[in-house]
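No experiment lies behind these values; they were computed from the predicted model shown. Positions are given from 1, in the same order as the sequence printed here. When reading the values below, keep in mind they use all heavy atoms of this one structure, side chains included, and skip hydrogens, waters and symmetry mates.
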Amino acid sequence: MTKKYRHRILKEVLQTTDVNSQDMLLNILKNKGFELTQATLSRDIKELKIVKVPTSKGTYTYQLSDGVIHEDSAPMSSFGFISIEFSGNLAVMKTRPGYAMAIAGEIDRRANEYILGTVAGDDTILLIPRDNISRKEVLKSLSTFIPDIE
């Protein structure tokens, strides 16, 4: 079974099943005949831009970011952003629980001219600006899709 096939099945599982943990997802894939480790699944999640989003029930579910974030609708960052603080040339963004991965994905896609990369947890994002980019430029680039940032 190829990686491409595994990714296709992974997408199908997320579109048809409410998956609330990586362990659950790993077990589903193993039951479908895939032999993979937690590390491989974590890489697949990153490559496919799968995000963990809060549900109306107060729990979390894994979804393809394409199904969560649409360019023509309100971005996740409109709902999940709390604050941003700089330390030297790095920035730390606080989000509502469960929103950090989705917002980091938005930043990586939409502000990559100014932001070299992000590292996301559950409710915190480390932003690494490109060389010679000022705090003001970072905030301006983020303000195009995070309305309350300035």
Side-chain angles (χ1 to χ4, degrees), residues 3 6-29 36-150:
K3 178 179 174 179
R6 185 176 68 243
H7 281 193
R8 190 179 94 212
I9 297 303
L10 187 52
K11 288 177 184 179
E12 287 175 11
V13 166
L14 292 175
Q15 291 168 343
T16 60
T17 308
D18 189 21
V19 177
N20 56 25
S21 72
Q22 279 193 28
D23 283 339
M24 180 181 178
L25 189 53
L26 186 62
N27 288 330
I28 290 170
L29 292 172
L36 71 157
T37 64
Q38 186 72 43
T40 300
L41 179 58
S42 291
R43 281 191 296 276
D44 288 347
I45 286 171
K46 184 173 180 138
E47 289 172 12
L48 294 173
K49 296 182 173 67
I50 295 169
V51 295
K52 188 175 174 183
V53 297
T55 67
S56 60
K57 301 173 193 168
T59 60
Y60 296 94
T61 187
Y62 282 88
Q63 295 182 12
L64 296 168
S65 62
D66 293 343
V68 177
I69 304 163
H70 297 285
E71 295 295 324
D72 58 348
S73 64
M76 290 290 285
S77 53
S78 294
F79 308 108
F81 170 78
I82 294 175
S83 66
I84 188 168
E85 190 173 331
F86 288 86
S87 178
N89 62 339
L90 301 177
V92 173
M93 182 180 289
K94 293 294 186 177
T95 72
R96 290 176 46 197
Y99 280 77
M101 286 182 69
I103 294 173
E106 279 185 89
I107 292 168
D108 289 340
R109 280 189 307 283
R110 301 173 84 177
N112 59 10
E113 184 178 334
Y114 299 94
I115 307 295
L116 180 62
T118 58
V119 179
D122 182 56
D123 63 357
T124 306
I125 305 167
L126 172 64
L127 290 89
I128 304 162
R130 293 189 178 278
D131 283 339
N132 302 316
I133 298 294
S134 70
R135 293 176 182 188
K136 186 175 182 178
E137 289 171 306
V138 168
L139 291 172
K140 185 175 180 183
S141 70
L142 297 175
S143 71
T144 62
F145 56 96
I146 305 175
D148 299 330
I149 199 157
E150 289 191 284

Side chain proximity check, L142 to I84, heavy atoms < 4.5 angstrom: yes
field: Heavy-atom check, side chain of I149 versus side chain of M93, under 4.5 Å
entry: yes
Find the distance between [atom1] ([X]) and [atom2] ([Y]) and round it off to the nearest 0.5 Å.
| X | Y | atom1 | atom2 | value |
| --- | --- | --- | --- | --- |
| L10 | I45 | CG | CD1 | 7.0 Å |
| L25 | D23 | CG | CG | 9.5 Å |
| Q15 | Q63 | CD | CD | 10.5 Å |
| I107 | L127 | CD1 | CG | 4.5 Å |
| E12 | H7 | CD | NE2 | 13.5 Å |
| L26 | D44 | CG | CG | 10.5 Å |

So the side chain to side chain donor-acceptor pair (under 3.5 Å) pairs with at least one residue in residues 114-128 (sequence neighbours excluded) are K94-T124, D108-T118
- Message: Hydrogens and angles aside, do S42 and Q22 bring a side-chain donor and acceptor to less than 3.5 Å of each other?
- Response: yes
By side chain to side chain contact (heavy atoms under 4.5 Å, CB included), D18 pairs with (sequence neighbours left out) T61
Taken in chain and number order and not counting sequence neighbours, the residues that satisfy side chain to side chain contact (heavy atoms under 4.5 Å, CB included) with L116 are I128, R130
Verdict with reasoning, I146 to E106, per side chain to side chain contact (heavy atoms under 4.5 Å, CB included):
CA-CA 10 Å; I146 305 175; E106 279 185 89; over 6 Å; no
Would a distance-only check, ignoring hydrogens and angles, find a side-chain to backbone donor-acceptor pair under 3.5 Å from [X] to [Y]?
| X | Y | value |
| --- | --- | --- |
| S87 | L90 | no |
| T17 | L14 | no |
| R135 | G88 | yes |

Heavy-atom nearest pair, V138 first then I115, reads CG1-CD1, 3.8 Å
- Message: One pair to check against side chain to side chain contact (heavy atoms under 4.5 Å, CB included): L139 and F86. What are the steps and the verdict?
- Response: CA-CA 10 Å; L139 291 172; F86 288 86; 4.0 Å; yes
Please lay out, stage by stage, how T144 and R110 fare under the test side chain to side chain contact (heavy atoms under 4.5 Å, CB included).
CA-CA 9 Å; T144 62; R110 301 173 84 177; 5.7 Å; no
Assess the residue pair R96 and I82 against the criterion (side chain to side chain contact (heavy atoms under 4.5 Å, CB included)); give the C-alpha distance rounded to whole Å, side-chain angles, the decisive distance to 0.1 Å, and a yes or no. CA-CA 7 Å; R96 290 176 46 197; I82 294 175; 4.1 Å; yes
